[in-house]
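Below: the structure, in structure tokens.
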Amino acid sequence: MAERKVRVRFAPSPTGPLHIGGVRTCLYNYLFAKKNGGELLLRIEDTDSQRFVPGAEDYIIEAFKWLGITFDEGVGVGGPNGPYRQSERREIYKIYVKQLIESGHAYYAFDTPEELEAKRNAIPNFQYDSHTRMQGVNSLTLSADEVNRRIAAGEKYVVRIKVEPDEDVEVDDLVRGKVVINSNILDDKVLYKAADELPTYHLANIVDDHLMEITHVIRGEEWLPSAPLHVLLYRYLGWADTMPRFAHLPLLLKPEGNGKLSKRDGDKLGFPVFPLLWKDPKTGDISSGYRESGYLPEAVVNFLALLGWNPGNDQEVFSMDELIQLFSIDRISKSGARFNFEKCKWFNHEYLQKRSDEEVARMFEPILKDKGVQCPFDKLVYIVSLVKERITFPSELWDQTDFFFQAPTAYDEKSLKKRWKEESPQCLRELVEVLKGIDDFSKVVENEQLVLDWVASKGYNLGTVMNSFRITLVGAAKGPHIFNIIDIIGKDETIARVNRALEVIK
RNA sequence: GGCCUUUUCGUCUAUCGGUUAGGACGAGAGAUUUUCAUUCUCUAAAGAGGGGUUCGAUUCCCCUAGAGGCUACCA
């Protein structure tokens, strides 16, 4: 086989918001494509007309835009192999359905869903396959005339693959090695439904991957059991020599308990399982998203990249470019990864520190606006510089800085009990006089030295003075350096806060 | 039930037959900080069980168990 340009695809079904596991699958596809100088396609697999959800497609596109994952071809960007929505490719699939039937690898089946349901109930482990298909109502058991008559009469039929029995089908998986399944356990899967004139996933997937010249199929492990069917389809269609390589990714599991990660886990444990906030168009239910929860896209990408892959050394923090350089399929792990969002938070803290004070200040602006607070931008940057390292999410900014914008309305009991001494009022009254003598509060270092000297000259306990002072300014025993605080709130406000505290605190 | 995959600290993982089994998150303890937080240091913490193969198995093979997936006219 000649060397082909690497082409991979992400092919979600627009049945709702994109699950974080899907995001990881796409990320791995992206990293693999970029690493190998290849291309990534976005294909929308909307062959299930029943489960189509409006808005899901736009959501998917927006989510990857936010994450910095770009597509070279597909829905939203176009390309020479379109259309990229399977619902718009009906006529293409029909050609191959016909080819499969004519070559004897598929057949018409007229069994109704009710009949099949009845068989499943009556016969344990019933499956439509080489052992049972001759009892079905299909083009194998009906005369050609009868088949034609039924089709002409508009009877709803499906087309099923005719799996040849007693054959070991081999899937050479890039992650798991050779996986062999005997064709006897495969059933004659439905490939096409006359009811909506659409193929099922299996056929559409193979036809599109072939036509779009996909070289590597990187997808979740849930597809491993049907991979042999796909191999068979490539063979029956005569495309075995250009069949893509498969790589089945380990699944993302719940943080605790059993099963794979689901929407409910997020709701229950209080972390998002979707990249973006999603509002269900039918029910109006809201599902939280990483973006709206204050996660940085590079943190989400970094966290996800390491869930099932590692570079083989101790490095933990990677830029997208580094991930691209380092990524390789043979370092993908085989077992499912439990989703640990504490680590995700840690990544967010790391990446937030990498952002400049100006950038973080900009994240703070809408929060302040919401609080009805006005603040000059350069002052905001100054404030952010004092508290940035303390926070993991921009949403924590207000709690860390509210005292810069408004005087404390109450004084924390615990702090008072621990830090407010009997001599505090007297010390503070004298401190006010000292502060009054300072003209420029922006001389942080000098002012501190001045106060320190004064405390020493009076023989006061430094901790008592400073902690009491802090409580009057902040309302509690917390916050950044005191002399930065008074620089920001200014002389008048500083003195006013001390005086007010002196009145209120008994 | 059947079939497939998988199994190293609580979690994510390193180790490609010979290591004091390493790192990170989280946890605990100290230090720094006149406050709180940050930061730093240290500590505890793992090869599912049983058989083989081998001079030697976490590593290779088999069995059992656990975990996960699939078993639709869904993807």
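Only heavy atoms go into these numbers, but all of them, side chains included; no hydrogens, no water, no symmetry mates. Chain identifiers are assigned alphabetically (A, B, ...) following the order of the sequence lines, protein sequences preceding nucleic acid strands; residue numbering begins at 1 within each chain. Worth saying up front: this structure is predicted, and the values here are computed from it rather than measured.
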What about [X], does its side chain sit under 3.5 Å from the base of [N] through a donor-acceptor pair?
X        : N     : value
A:Arg390 : B:C36 : yes
A:Arg51  : B:C74 : yes
A:Lys343 : B:A24 : yes

Requested in this report: Quick one: label A:Glu389 by what it contacts on the DNA or RNA (base, sugar-phosphate, nothing), any heavy atom closer than 4.0 Å.
Outcome: base
Requested in this report: Answer with base, sugar-phosphate or nothing: what part of the nucleic acid does A:Gly220 contact at a heavy-atom distance below 4.0 Å?
Outcome: nothing
Query raised in the report: Of all of residues 107-115 of chain A, which get a heavy atom below 4.0 angstrom from RNA chain B, listed by number?
Result: A:Asp111, A:Thr112, A:Pro113
Query raised in the report: For RNA chain B, which residues in residues 470-478 of chain A have a heavy atom at a distance below 4.0 Å?
Result: A:Arg470, A:Ala477, A:Lys478
Query - Salt bridge A:Arg90-A:Glu197, side-chain N to carboxylate O under 4.0 Å - result: no
**Report entry** N-O pairing of A:Arg133 and A:Asp188 below 4.0 Å
**Finding:** yes
Query raised in the report: Do A:Asn484 and A:Tyr382 have a side chain donor and acceptor closer than 3.5 Å?
Result: yes
What's the [atom1]-[atom2] distance between [X] and [N], to the nearest Å?
X        : N     : atom1 : atom2 : result
A:Asn125 : B:C70 : CG    : C1'   : 14 Å
A:Phe404 : B:A37 : CZ    : C1'   : 13 Å
A:Ile485 : B:A37 : CD1   : P     : 15 Å

Query raised in the report: Quantified in whole Å, what is the P atom distance between nucleotide B:G69 and nucleotide B:G10?
Result: 22 Å
Query - Distance between C1' atoms of B:G23 and B:C9 (Å, rounded) - result: 12 Å
